[in-house]
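Heads up: the structure comes next, in structure tokens.
Proteins get letters first, then strands, A, B, ... in listed order; numbering begins at 1 in each.
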Number of protein chains: 2
Amino acid sequence: MRRDVFQGIADPTRREILNMIAHKSLNVNSVASNFDVSRTAIYKHLKILSECGLVVIQQQGRERFCEARLDRLSEVSDWVEQYREVWTKRLDNLEDYLKELQSNKKKHGRKKTR
Amino acid sequence: MRRDVFQGIADPTRREILNMIAHKSLNVNSVASNFDVSRTAIYKHLKILSECGLVVIQQQGRERFCEARLDRLSEVSDWVEQYREVWTKRLDNLEDYLKELQSNKKKHGRKKTR
DNA sequence: TCTTTGTGAAACCAAAAGGTTGCATTATGA
DNA sequence: TCATAATGCAACCTTTTGGTTTCACAAAGA
């Protein structure tokens with residue numbers, strides 16, 4: 001199935017898996033042993049992560065090592081960043097507004113607002 | 001229900017909704033009219049978005065205006081950014097490695113690699 | 001060779017997700 | 001006051017998700 005990075009990181013267990021293998025690749029059993037759900041459940045999560053490119057699984061003897069492809073997170077990063085200007089500008093405007101309220105209070109005394 | 005920002009942005013329709021109201025709040029019907037699924041379906045997406053804090057819905061007469069709270073995306077941004085150093089460093093290492101291969105080739109001629 | 005280890009995958013299940021139709025409710029405008 | 005517009009929500013449906021147990025199979029080690 002063609003999968004999406006956004007879908008990949010939607011599940012908290014999958015985010016934990018990514019964190020677990022971010023610095024060091026682990027085989028499937030090692031990953032699974034850190035959770036209290038079954039190995040098969042973790043295997044399915046790993047499969048989803050590999051389907052959306054966030055993990056690459058390489059066979060080595062009878063083990064499969066799971067390597068995080070964190071650079072794929074740039075897709076998420078890019079998506080979020082396109083909105084950063086919008087939200088920071090909006091926060092700045094709020095700040096300006098609050099400052100203006102303050103200065104008006106000083107000039108005219110307490111004023112009823114709603 | 002307590003919801004998660006990661007879950008909120010997991011669905012492509014919801015990301016489109018966010019984009020649609022990023023610059024200007026719209027009422028529920030206006031949002032829905034941009035999609036070919038039912039108003040109720042969009043309403044449910046809006047509810048999920050509001051449950052995870054990405055949208056605030058305010059009544060105004062008989063309409064409800066949906067405002068994007070894009071600053072909530074910082075949670076996603078923060079999560080991704082904690083891995084940026086890891087992945088850029090890894091790409092740098094790869095680059096160094098490729099450069100080294102190049103210089104070895106110059107010194108010793110073409111060499112079989114596998 | 002035989003047993004153990006590490007894994008993939010099938011079959012099954014309950015709950016959640018994403019969608020629909022239909023109805024009730026509240027403001028607005030004529 | 002009455003029709004209509006904008007909406008919330010219940011009831012229902014199908015597909016997906018996240019989990020389980022079970023079995024098969026290949027590689028390693030004794």
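Within 6.0 Å of the CD atom in B:Q59, the count of heavy atoms belonging to other residues, nucleotides or ligands exceeds 12.
A:H45 has its NE2 atom 17 Å from the P atom of C:dA9, to the nearest Å. With rounding to whole Å, B:I42 atom CD1 is found 17 Å from C:dA17 atom P. For the pair B:Q58 CD and D:dG8 P, the interatomic distance rounds to 13 Å; values are reported in whole Å. Atom-to-atom, NZ of A:K47 to C1' of C:dA9 comes out at 7 Å; the value is rounded to the nearest Å. Rounded to a whole Å, the CG atom of B:L46 is 12 Å from the P atom of C:dG19.
Under the 4.5 Å side-chain criterion, counting only non-hydrogen atoms from C-beta, B:I21 is not in contact with B:E67. Side-chain atoms of B:F35 and B:E16, non-hydrogen and from C-beta on, do get closer than 4.5 Å to each other.
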Start with the C-alpha distance between A:D4 and B:R15, add both sets of side-chain angles, then the distance that settles salt bridge (charged side-chain N to carboxylate O under 4.0 Å, His left out), and finish with yes or no.
CA-CA 13 Å; A:D4 192 297; B:R15 292 200 296 279; 3.5 Å; yes

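No donor-acceptor contact under 3.5 angstrom links the side chains of A:D71 and A:S74, judged on distance only. When only modelled atom types and interatomic distance are considered, A:N19 and B:Y83 share a side-chain donor-acceptor pair under 3.5 Å.
For D:dG19, the OP1/OP2 oxygens have no side-chain nitrogen or oxygen of A:S38 closer than 4.0 Å. The phosphate of C:dA16 (OP1 or OP2) has no side-chain N or O of B:R3 nearer than 4.0 angstrom.
Contact record, A:S77 with B:E81: OG-OE2, 3.4 Å, taken as the closest heavy-atom pair. A:C52 and A:V5 make their closest contact through O-CG2, 3.7 Å (heavy atoms, listed as atom of the first residue, atom of the second, distance). Here the shortest heavy-atom pairing between A:G8 and A:L49 reads O-CD2, 3.9 Å.
Donor-acceptor pairing under 3.5 Å, judged by distance alone, is present between the side chain of B:K44 and the base of C:dG19.
Of the residues in residues 6-16 of chain B, B:Q7, B:D11, B:R14 come within less than 4.0 Å of DNA chain C through at least one heavy atom, sorted by number.
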Protein and nucleotides 4-8 of chain C: nitrogen or oxygen contacts under 3.5 angstrom:
| from | atom 1 | to | atom 2 | distance (Å) |
| --- | --- | --- | --- | --- |
| C:dT5 | O2 | A:R62 | NH1 | 3.1 |
| C:dT7 | OP1 | A:V28 | N | 3.3 |
| C:dT7 | OP1 | A:R64 | N | 2.8 |
| C:dT7 | OP1 | A:R64 | O | 3.4 |
| C:dT7 | OP2 | A:N29 | N | 2.6 |
| C:dT7 | OP2 | A:N29 | ND2 | 3.4 |
| C:dG8 | OP1 | A:R64 | NH1 | 3.2 |
| C:dG8 | N7 | A:R39 | NH1 | 3.2 |
| C:dG8 | O6 | A:R39 | NH2 | 2.9 |

